[in-house]
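What follows is a short report on a single structure.
Here the structure is a predicted model, which is why all the values come from computation and not from measurement. Order of the sequence lines sets the chain letters (A, B, ...), proteins ahead of strands, with each chain counted from 1.
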2 protein chains.
Amino acid sequence: MRDASGHDPLTQERLRLWLKLMKSSSLIEDELRRRLRRECGSTLPRFDVMAALAQAPGGMRMGEISKRLRVSNGNITGIVDKLETEGLAARVPVPGDRRANLVTLTDEGRTAFSDHASAHEAWISEILGQLNADDIDGMIRRLDPLISMLETQNKTAD
Amino acid sequence: MRDASGHDPLTQERLRLWLKLMKSSSLIEDELRRRLRRECGSTLPRFDVMAALAQAPGGMRMGEISKRLRVSNGNITGIVDKLETEGLAARVPVPGDRRANLVTLTDEGRTAFSDHASAHEAWISEILGQLNADDIDGMIRRLDPLISMLETQNKTAD
DNA sequence: CATGAACATTTCAAGCTTGAAATAAAAAAT
DNA sequence: ATTTTTTATTTCAAGCTTGAAATGTTCATG
């Protein structure tokens with residue numbers, strides 16, 4: 001409330017922005033989920049975990065994965081359990097720390113992820129195909145400061 | 001693949017855009033979830049359903065709600081079940097169509113939603129508070145065409 | 001009317017997600 | 001050496017979400 005009438009005139013605009021951000025994001029996300037399911041027999045959470053692992057040649061600890069993906073520890077436990085059962089990932093003990101595990105992709109996991117990642121990349125290109133370089137750049141330029149603003153808030157809230 | 005080297009030079013940029021869109025959206029969404037839970041003892045899905053109902057004085061059918069929120073029918077069944085159990089919403093039969101129900105907010109539901117909605121609005125204002133009119137407008141102008149592009153794709157895919 | 005197609009909703013199993021409590025191990029402090 | 005505290009992970013219950021199958025109802029057409 002910043003004026004005499006009791007309304008911040010930007011409040012409604014912020015709300016509108018949030019709704020549109022959410023809508024565009026979930027339209028894309030839902031489409032990716034559907035395709036990942038139908039065409040790869042996989043899911044977005046599994047893909048995200050595998051993507052994180054693929055970028056960490058030496059493997060990642062459970063806690064590193066959950067921090068990177070900003071999800072709970074218990075969540076990662078379940079997803080890695082599944083990947084392990086399917087032979088796509090493996091937990092290897094950390095010498096000198098019996099609490100921790102390093103999670104790595106198996107060869108089979110690396111192969112599968114490589115497939116899924118190409119498909120994923122192609123889908124994004126298809127879904128966002130009508131955006132030209134200027135559109136993309138314009139949005140990224142707006143999103144970057146928004147993200148660092150949000151991350152700063154999160155850090156402060158701890 | 002649109003050039004001799006086998007790479008569309010925009011592919012990587014589109015991927016970057018998607019990751020940033022997703023990240024900003026989920027940072028905000030997670031924060032709203034946490035607050036809705038802690039400060040209102042509620043959840044985002046419940047809030048979304050109640051928000052839809054609050055805008056429909058005559059009530060909405062199950063199918064209308066699920067179409068509006070772009071989630072499955074079965075999902076709405078479960079959420080409305082809960083709202084009904086808690087006395088916040090009610091299913092009323094549609095005269096002349098025994099298959100359908102009109103879902104409405106009870107008085108108690110309207111009161112609760114009104115509370116939650118004010119809190120929600122204030123949180124958005126707080127979370128996005130550092131964005132000025134120009135930032136907001138600039139983003140909305142980019143998001144609007146993106147959304148209609150995505151919606152057109154969805155329609156075509158049916 | 002009869003009956004097959006279309007429609008509104010529910011049920012269900014499987015998977016994701018969270019926050020909190022439990023385990024277990026390592027590190028720090030006394 | 002023995003607490004105490006911190007750290008790494010798992011377990012668990014509760015809730016969300018989906019897609020597919022099931023139910024029951026209405027509509028259209030012969």
Inset, instruction - In sequence, state the C-alpha distance, the side-chain angles, and the governing distance for A/S26 and B/R70, and then conclude on side chain to side chain donor-acceptor pair (under 3.5 Å). - result: CA-CA 9 Å; A/S26 61; B/R70 300 196 316 280; 2.9 Å; yes

Give [X] one of three labels, base, sugar-phosphate or nothing, depending on what nucleic acid heavy atoms sit under 4.0 Å from its own.
X: B/G63; result: sugar-phosphate
X: B/R33; result: nothing
X: A/R38; result: nothing

Legend entry - Nearest-neighbour nucleotide for the A/M62 side chain, D/dT9, C/dT10, D/dG19 considered: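 Selected nucleotide: D/dT9.
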
Legend entry - Closest to side chain of A/T43, choosing from D/dG15, C/dT18, C/dC16: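 Output: C/dC16.
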
Inset, instruction - Between B/D81 and A/D97, just flag the one whose closest nucleotide in DNA chain C comes earlier from the 5' side. - result: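 In this pair, the answer is B/D81.
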
Inset, instruction - To the nearest Å, give me how far apart CG (A/N73) and C1' (D/dC12) are. - result: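 Value for this atom pair: 14 Å.
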
Legend entry - A/R99 CZ - C/dA27 P separation (whole Å):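 One finds 6 Å between P of C/dA27 and CZ of A/R99, rounded.
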
Inset, instruction - Select from A/D30 and A/G74 the residue whose nearest nucleotide in DNA chain D is closer to the 5' end of that strand. - result: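 Per heavy-atom nearest nucleotide, the more 5' residue is A/G74.
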
Legend entry - salt_bridge(A/R46, A/E86) N-O dist < 4.0 Å: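 Here A/R46 pairs with A/E86 in a salt bridge, since their nearest N and O are under 4.0 Å apart.
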
Legend entry - Carboxylate-amine/guanidinium proximity below 4.0 Å for B/E31 and B/R35: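 Counted as a salt bridge, because a side-chain N and a carboxylate O are separated by less than 4.0 Å.
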
